[in-house]
Structure formats: C-alpha cells, structure tokens
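The structure appears right after this line, and notes come after that.
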Amino acid sequence: MAASGTGDSARNSNGASLNRKPSHLSIDSSSANNAFLHTLNSQLQIAANKSQANYQHENGAVDFPLTVGIDRAALIAPDFDTDEFLSARRHLPLEELKSQLSTHMKELKTELIELINSDYADFINLSTNLNGVDRMMEEVQKPLDRMKDDAIAVKSNLQSVVDNLENKLKHRAEIREKKTSLQLLLNISESVAKVEGLLQISGSESSGARDGSESISVAKRLERVAIEYNQMQYLVSKGANLPFVTNIDWRLVRIKETMSENLSSVLRTCIHSGQNEADSTANKDSLTQCLRTYALIDQTAEAEHVITEDMLTPFVNKTITRSALDPAHTNATNHNHTNGHPQERPLVAMYNQILAFIDTHCGTLINVTQKELKGTNFDIPVNCIWGVTTQTILKNIPTIFSSGNPDQFHRNYTDTMSFVSKIEELCGSRRSLTRLRSQPNYQSFMKKWQLVAYFKLRFMEISSSIEEALQANVDTIPRSPNANDHLPASNAIVNAIERCWSTDVFIYGIADNFWKLTLQLMARYSIWISANLAKDLEPAKDRSVQSRSSSPAPGSNPRSNGRSTPVPTPLRATGPIGKASLEETMLQQLSMIVNDIDHVASRIQSLLENQIRPKLPPSMADEPVLFNSFQQSLDSIRQDVPAVQQRITDLITKRCVDTLNNVKDITSRYGEGPPNEPSHFVAQILEPLAQYIAGSGSVLRSESRQEWTLEVIAATTLKYSAILSERLLESKTREERANKVKAAGIKARGGVGSAGGIGGLLARTPTLPNAFSNNNGAVSDAVANMTNDDKIRLQYVLDVLFYKTELTKFDIDPELFEPYQELHSNTLPYENLLAVVGQQ
C-alpha cells in the first residue's frame, strides 16, 4: 500500500508534465517569468523552420523535420537512421542537442515509472490470491499418476501382442519364400528335363548332315523347343542365386550348345540345299522356321555369324583377289560367263560376281528376314554382306584406294560406289540403311578413298592446261572469219569446265571443290580477257598521238608509252605499219574476243543448266547464294564487252565521219549548171561499216552486229546532220551578206528608190518559191537564174535522198530512224529545188 501511495503521489506530481506535449527546441512558456523569453522562443522556432526548408530544397526530403524537439515516432521507426537524425540537426549546438536528448530520456523514464505504478496493486495482490493452490494441485496429481501407470501397462501388453504377430508373419513369409523357391526349383528341374528331352540330348541322334525332309522336321521341333527354352531361361534368371541352379549350370551349357548345334546344322542344311529348285518352297519354310527359332531365343547374331562364315566368306575370299583385277583374268571370266563381253572392267566384273552370288544365294535369306521376320534383329545386308565384303576388299585389294593415277582412281571409286549403292538397295528400310551408314567399318571404308589427293591431282592437271593456253598472245593468233573458230584460251576454258563435271572426272563427294574450281576458272579467264583488252582499249587521244608520230623502227614497240606493266610484243608492231592497217588488225582482234566472250558465256550457262546443276547435292542445288556467285562470275567475263563495243563503234564511226569531210568540198564544184546526181562520196560514207560487217564483224552474233550497226549509223548520221546544218547556215549567212551589198549598191545608184524594192532584196530567201513552173521556158529561166548557193543546196538535197537509200541496205527504215529525220529536216525546205532538174 505504501508503494501504491508512493505511485499515486508520483502520478500526481508528474501528471502535469505527462499531459503536456514537449515542444521542439522551445523554451517552456510556463517556466518563463516574462514576455521577453516567450518572444525569443518564437523567433528561434521560426528561424529553425526556415533553415529546415532551405536544406530540404537543396538536398531533398529527409525523414526528420528540421524543427526543435524530438519526434518519438521517428525514433522507434524501423528505418531509423542515426546519421540522418544528426544530419537534420547539424545547425544546433551540441549542448542544445544534448539538452533535448536528456529531456526526452527523462520523459521516457517518468512514463516508465508511471506504467509500473499503474499495475503495482494487482501485482501485490497476486500472491494473496494464489494461497492454497498447491494443495489443489496435489489432489489432481494422484489420479493422473494412476492413469499414467494404467496406460503404460496397456501399451506394454499391446506391444507384446504386436511383436508376437510380427514374428508369426515373418515366419510365414519365410515359409512362403521357401515354398516359392522350392516351386521354382521344381519348375527349373522340370523345364530343364523337358528341354533335354525335346533336344534328345541323352539319345543317340546325330547332329550331322540331314536331308531336306529331315531338316524340316527338326526345324519344326526346334521351334517348339525354343518356346520351352525361353521359359527355362526365364526361370533360371529368377533363380540365378540359388545353389541348385549353380549345380545344374553344366546342364544349361549343354542345352545351349546342343540348341546352337542343332540350329546351325539345320541352317547350314537349308543354305546348301537352297539351290535345289524342286525343294525351294519346302526349304524356304524350313529356313523361315529356323531363323524364327533364332529370333525367339534372341540369337540372331549367331545365325548371321553362321551365314557369314559358312556361305559368304568362302565365296568372297575366292572372288576378291589381286588376280581378279588382272585384265586377262577378267576377259577369260567374261567370255565364260557373260556371253563374250571382254570390255567389262576387272573391278566391275568382280563386283558383279558378288552381286550375282548375293542375288542367287542370299535372296531368300534377305526376303525372309525383311518380310516374314520383320521387326526382329536380323539384318543380313548390314551384319553379313557388308562386313565380310569390305574387310576382304581392304585386306586383299588395297591398291584400288591409291590416287596416284587419277583416271584409274576415278574408275575404281565410281565402280565401288556403284557396288555400295547396290548393297544399300538391299536394305529393306530406312532404319536399316541408317544402321549401315553408321557402322564404323562403313565410315572407315569411305575414309580410305583419298578424295582430297585426287582433287589436287585433277586441279593441277586442269589448271596447267589452262595456263598453257592462256600464255598465247592474242596478237599472235591467226584471225579467222569463221564464227565457229575461237581462241585457244576460250576453247580451253570451256573444255576445262566441261571436264570438271564430266562423268570420268567428277566425284559427287567433292562437288563443292569442283564448284570452287569452276568459279576460279571463270575468274582466271576474266582476268586474261581484261589483260589482253587493256592494250586495245587505251584512250583514243594516246592512239592519235602515236599515229601522227614517225614510223617505228623494225622490231620496236610503238605502243609502249612508258607503261610499267610489261605487254607482250604485238604482231602488228613489228614494222612500219600504217594506221589503217593497225586499226583493221585491232578491229579483227576485238571482234574475235567479243565473239569468244559470247561463246564462252553461253557455253558455261548451258553447262550450268544441263550438266552442273543436276550433279549438285540437294544442299547446294537449293542455295541461291551459290548461283548468285556463279552469275557474278559470268558477268565478270562480260564486263569488258561494253568497252570493246564502244571502242569498235568509235573506230568505225571515225572512219565513216572522215568521209563526211567531203561535204565541205561541194562549195567549189559547181560553177556551171545545177547538179542532177548525188555526190560520189555519199556511197562511201557507210562503206567502212559494210566492210566491217562483211569482214571482221562476221564472227559476231547477229544481235550484236545489228546493235553495233545502229550505233555507228546513228552517230554518223548525227554528225552528217551537224555538218550539213553548219554548211547551210554558212550559205544562208553568205547569201544574206551578198544581198545586203547588192541592195546598198542599188541604193547608191538610185536604181531602186522605193523601200519596198530594197526590202524585197533583203528579204530574199535561199529557196526558190514557185518561181519554177513545169513549162520548159520557165525551167530554163530558173536554171539560168539559179545562184551558186542554190546549186549547193540542191546538191545537199540529192545527197541526203541518196543517203536514205543507203540506210535501207542495213535494214533500217529511214522514216522511223530519228537521226535521219533530223538530217532530213535540214534539207526539207530546199526540196522544191528538185523541180529545176526534173526530179521532184
């Protein structure tokens, strides 16, 4: 009670302080004795609030408000951070901060004391209220102890019953297990005795050779034995750890050996009697039963071993020998067995003998295992035929793998791959084929073929022939007007690519190597073409300078020009040859090269479609990137054709344009009478083109000739039009000047006084408007009055009309040919002059 009184007094003394909330960094106004302290406290609080606002604006929000006092909720928060708490009050002096913390701690202590005193009376009364509880607990403890003892006794009795029951069940299980083992032993004994009885192991039956009917009965009996044998094997596997099974192990071995001997004997009998046509059906049934028996006892590997050793190995060892590859031996064999076909190669003959033997002696075996025994582990082509054949080949005739002679290696490889394909065709399913190709001996056999070495030899052979052909200089090769005659290099490159994919060179396993070689050959030919054309495609300016220079000395090279790249000495530079002859030789060579480029490109494209693409593997045949690269190689061969075309057309156009210089000479020809026929040079304008088409250009394709003809004629016609337009303009200017002089003289003499008369003279045109009528007198007057300029214009008209007829010789329609229409437009205003000479 004293403590309670003390607590009450404490609560009364501190009530005012507990009910009053602490102010932050403030001076208690109740303890102030004057208004000055209260005003100072307010000002300090306002300054603290402003400082907190500035800090938050500069550094972001903080968890503790920058005000005086301490927030109790912030102190007990889970994310309370001492550093942030002190950082928020770094503006306060340490003494002030210490004072706040001390005040807060005193408040907490006061609240703790009040909390304790609030329940102190109940704590004191607790001991009084628990008086007598110990006696009540002792009264309750006694019946609980008795119940515990009873429960322990019941548990002990129950456990003894359970243990007794478990022992009896365990004993019963042991008895049942022994009974099962005993029954298993009885079953094993009965099964072993039954199998021995069926196999007649104790009898005197011989396991030697049997005839066909006996082998059939034995096969049927063995098929029944196989069922019991499998049952015996199952029982023995279950009792493998029993002493009884260990004791009869010798009997099991004897059963297995007897079973194997009987099956092998029956199988050998069926194999050897298979050639008897009369018993073929019965023998097939016996063979099927025998093989089924092997499959039932899961001994297919043993059956395949018997077939390999007893039937295949003797024949294969006798057939695959070194002597079999002797042509003399092969010819004798072919004469005896193939009705006289000595042309068959030795290796092919050997493989054909093996295939014929397989068809005759193994056909029934393969048919039975793949159809009637489908789903078993039998695989005669993989496990029997392939293994013994390839092993014998590797052992007896390893020379066929030698790549020293590429032609012989190719024949050996193709013949062997054809034989392998025949073996693969014997596989009855895709699964069997996959098993064959995954065999280690299959992969090692394929690796024996040195395909890389073979390709290297072919590469050297083909590349050397190409390089030899490319050494020939185009200038030294005789030109031929026959379009079917080509450069040796062009023929060599086509023949080389064709040879790469020919049946006696190409090998499917290295198709990618031959594809790369084809691209390399095309690139090499392209480089050779560019190198030979480089000297003929020099700028025309350099050539004109050379043509104006003095004739070179015999044996000199006038085309060197100080070039750093050595150029083969051309045939046309061995003496003082004229410019025309030099250009003619160049035209022949360029035309021949263009013809060869077209020939090579078309032949290679044809080879791609007809010979290369069908031989590519599916993975390459469907790859567009490969054919894009092929097309790029073809384009690289044709890349110089536009430059050659431009060079040829420029040379021919220059020759044609040189003839047009005669147009300027027309001025001085006609002092008397008007012209009545075209100039002699008009027929010679396109003569260089006609000569080229009939000569050097005859080797070109018709499409190229027509295209180049149009280009040359168009350029020549436009040049003709420009010259003619210039000459007509000069004539018009000259006539106008003469008219002005005449008019000035008349005016000076006063012969023409009116402005109209002078204007009429000044307005005279170079044409003769309607002044010439159809009557003879008028025509005679017109001829007499025709000026020299009119005569020249009339000559131009006659020349242009004759040029029109020249165009038709080149299959050009002048009415649709725009360059001619432009040329014709120059003389069209003067065509009425034709009436003077009676040609209109």
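What you are looking at is a predicted structure, and each value in this text was computed from that prediction instead of being measured.
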Judged by modelled atom types alone, do [X] and [Y] share a side-chain donor-acceptor pair under 3.5 Å?
X: Tyr442; Y: Thr390; value: no
X: Gln408; Y: Asn412; value: yes
X: Asn610; Y: Ser606; value: yes

Please identify each residue that fulfils side-chain contact (heavy atoms from CB on, under 4.5 Å) with [X], with sequence neighbours left out.
X: Glu498; value: Asn495, Arg603, Leu607, Gln611
X: Glu425; value: Lys422
X: Arg701; value: Asp598, Glu703, Ser704

NZ/Lys615: more than 12 non-hydrogen atoms of other groups inside 6.0 Å
yes
Review point. Would you call Arg638-Asp635 a salt bridge at under 4.0 Å N-O?
Key: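 Salt bridge: yes.
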Handout entry: Carboxylate-amine/guanidinium contact Lys654 Asp658, below 4.0 Å
Key =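 Counted as a salt bridge, because a side-chain N and a carboxylate O are separated by less than 4.0 Å.
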Residues 615-640 vs ring-ring contact (aromatic ring centres under 6.0 Å, His included), sequence neighbours excluded, gives Trp515-Phe627, Trp515-Phe630
According to ring-ring contact (aromatic ring centres under 6.0 Å, His included), does anything in residues 701-720 pair up with another residue at least two apart or in another chain? List the pairs.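 Of all non-adjacent pairs touching residues 701-720, those that pass ring-ring contact (aromatic ring centres under 6.0 Å, His included) are Tyr720-Tyr803.
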Any side chain to side chain donor-acceptor pair (under 3.5 Å) pairs touching residues 500-512, not counting sequence neighbours?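 Those involving residues 500-512 are Trp501-Thr518, Ser502-Asp504.
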